[in-house]
Amino acid sequence: MTQNFYDKVAKKFGRYHTGARYVKEFTDGDPEEVFKQKLIEVSGKEKQALDMGSADGRFTLSMARYFKRIVAIDSSEGMLASARNLQKEKHSTNVSFEKEDAFKTSYSDGSFDVIHGRRGPTPYSEIHRLLKPDGFFIEIGIGEQDTRSLMETFGRGQGYGEWDNPRLPRAKKQVEDLGFNIVYADEFFYHEYYASYDDLDLFLQGVPIFEDFDSEKDKVNLQKYVKENTTDRGIRLKRHRTVVLVRKK
Ligand SMILES: C[S@@+](CC[C@H](N)C(=O)[O-])C[C@H]1O[C@@H](n2cnc3c(N)ncnc32)[C@H](O)[C@@H]1O
């Protein structure tokens, strides 16, 4: 299911971005910035990195200058093709985009100094195997409260009903049990405001919140959500992210 979804997005939009217009409003910081800064802190021109679930590779390629080499893996052929096209445009030579299942990669034990994942898969035991001793893993993940009221309006969605099963403590326990030291772990709640109904509709076509989102069939749901969440700033969507940085003992 997931696989077909990302291939479909790559085919429809040519990248992992729809062009929907929205602004973000933070109260306790921008988790993407925190993730990026912490990744830069653990980077190094002598280091080999692995990006877990690189999608269209835009973020991976923006990080290439901080590392000796980045191996970026994804299981979607469509996304890998977009990433390789972008790589040609950017003339980047130290990133290789490879088709792999993150849960069962073909790389040897201890192949990487740093592994990062930006809303990608998080196979913690495989990550532990692939890291060198003292290596770092950093992820930005989707919190259990993310887009909750939207999913409640639709009556379905990714992680629907998991709201009392907080992701951050679960992730912390999993990594500690595997023998990682937690360097940093925090969560962020913020708002996005979509410029119009059409922008929110477009956004939903390109993300897996509802993998089966259908602009026609979901019209009534979306109209209801838009009616209840329209503000002076735009149509509000509540987001929730987790950022975790760990080090292999
Ligand atoms: C939300 S997107 C990641 C976005 C990307 N990291 C970025 O910064 O824009 C998730 C990606 O993970 C990939 N993916 C999902 N499960 C995977 C798996 N088991 N192995 C490899 N890639 C996977 C999907 O194909 C998709 O491209």
Side-chain angles (χ1 to χ4, degrees), residues 1-20 22 24 30-40 43 49-64 66-67 70-87 89-90 92 95-107 111-112 114-130 137-144 146-147 157-159 167 171 188 192 203-211 213 237 239-245:
M1 182 70 161
T2 304
Q3 207 36 56
N4 296 340
F5 173 78
Y6 286 104
D7 280 336
K8 207 173 72 184
V9 171
K11 196 168 168 206
K12 189 165 182 183
F13 298 103
R15 54 187 182 162
Y16 190 52
H17 181 68
T18 61
Y22 65 93
K24 298 180 181 186
D30 176 352
E32 290 287 351
E33 260 319 296
V34 172
F35 169 76
K36 189 172 159 189
Q37 285 314 316
K38 295 208 175 283
L39 176 57
I40 293 171
S43 69
L50 175 69
D51 186 357
M52 285 277 178
S54 50
D56 65 11
R58 192 166 295 272
F59 178 77
T60 327
L61 291 164
S62 76
M63 286 293 117
Y66 297 101
F67 290 96
I70 303 181
V71 176
I73 63 170
D74 206 286
S75 48
S76 159
E77 290 282 9
M79 284 297 172
L80 287 165
S82 303
R84 290 183 187 122
N85 283 339
L86 188 62
Q87 181 176 29
E89 265 175 45
K90 303 233 176 246
S92 170
V95 178
S96 63
F97 290 99
E98 300 178 5
K99 185 170 185 195
E100 291 272 345
D101 177 2
F103 288 83
K104 216 171 49 185
T105 68
S106 61
Y107 311 114
S111 295
F112 300 98
V114 175
I115 299 180
H116 55 99
R118 191 164 168 258
R119 289 170 279 108
T122 50
Y124 294 128
S125 59
E126 181 69 353
I127 288 165
H128 191 267
R129 185 183 76 75
L130 293 173
F137 170 60
I138 179 162
E139 64 154 307
I140 178 164
I142 297 169
E144 75 285 352
D146 193 55
T147 69
Q158 191 180 49
R167 179 157 197 269
F188 300 79
E192 286 170 355
F203 166 73
L204 291 174
Q205 293 175 42
V207 290
I209 296 172
F210 312 109
E211 287 196 9
F213 177 74
L237 187 61
R239 309 308 310 258
H240 180 197
R241 293 283 182 266
T242 58
V243 178
V244 175
L245 170 63

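Atoms within each ligand, like the ligands themselves, are counted from 1 in listed order. Position 1 is the first residue of the sequence, and the numbers go up from there.
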Ring-plane angle category for F59 and H116, please: parallel below 30°, perpendicular beyond 60°, tilted otherwise.
perpendicular
Flag D74 as yes when one of its N or O atoms lies below 3.5 Å from any N or O atom of ligand 1, and as no otherwise.
yes
Please state which part of S75 comes within less than 4.0 Å of ligand 1, counting heavy atoms only: side chain, backbone, both or neither.
both
Against D51, only a single residue in I73, I115, L61, I70 fulfils side chain to side chain contact (heavy atoms under 4.5 Å, CB included); can you say which?
I70
So between R118, M52, K99, R15, whose heavy atom ends up nearest atom 8 (O) of ligand 1?
R118
May I ask you to check if ligand 1 and Y6 share an N or O to N or O distance below 3.5 Å?
no
Passing option when E32 is tested against R118, R241, Q37 for side-chain hydrogen bond (donor to acceptor under 3.5 Å, both in side chains)
R118
Side chains of F188 and V34: closer than 4.5 Å at any heavy-atom pair?
yes
For ligand 1 and G53, I'd like to know whether there is a polar contact (N/O to N/O, distance under 3.5 Å).
yes
Heteroatom distance test (I73, ligand 1): nitrogen or oxygen, under 3.5 angstrom:
no
Polar atom proximity, Y16 to ligand 1 (N or O, under 3.5 Å):
no
Would a distance-only check, ignoring hydrogens and angles, find a side-chain to backbone donor-acceptor pair under 3.5 Å from S96 to V71?
no
With a cut-off of 4.0 Å, which atoms of ligand 1 are near a heavy atom of F59?
8 (O)
Salt bridge E89-R15, side-chain N to carboxylate O under 4.0 Å:
no
Sub-4.0 Å atoms of ligand 1 with respect to non-hydrogen atoms of F103:
19 (N)
Who passes ring pair (Phe, Tyr, Trp, His ring centres under 6.0 Å) against Y107, sequence neighbours left out?
F112
Backbone or side chain, does any N or O of D101 fall under 3.5 Å from an N or O of ligand 1?
yes
Pair T105, E126: side-chain N/O donor-acceptor within cut-off below 3.5 Å:
yes
Heavy-atom contact under 4.0 Å between E100 and ligand 1?
yes
Counting each atom of ligand 1 from 1 as listed, which ones have a heavy atom of A55 under 4.0 Å away?
3 (C), 4 (C), 5 (C), 27 (O)
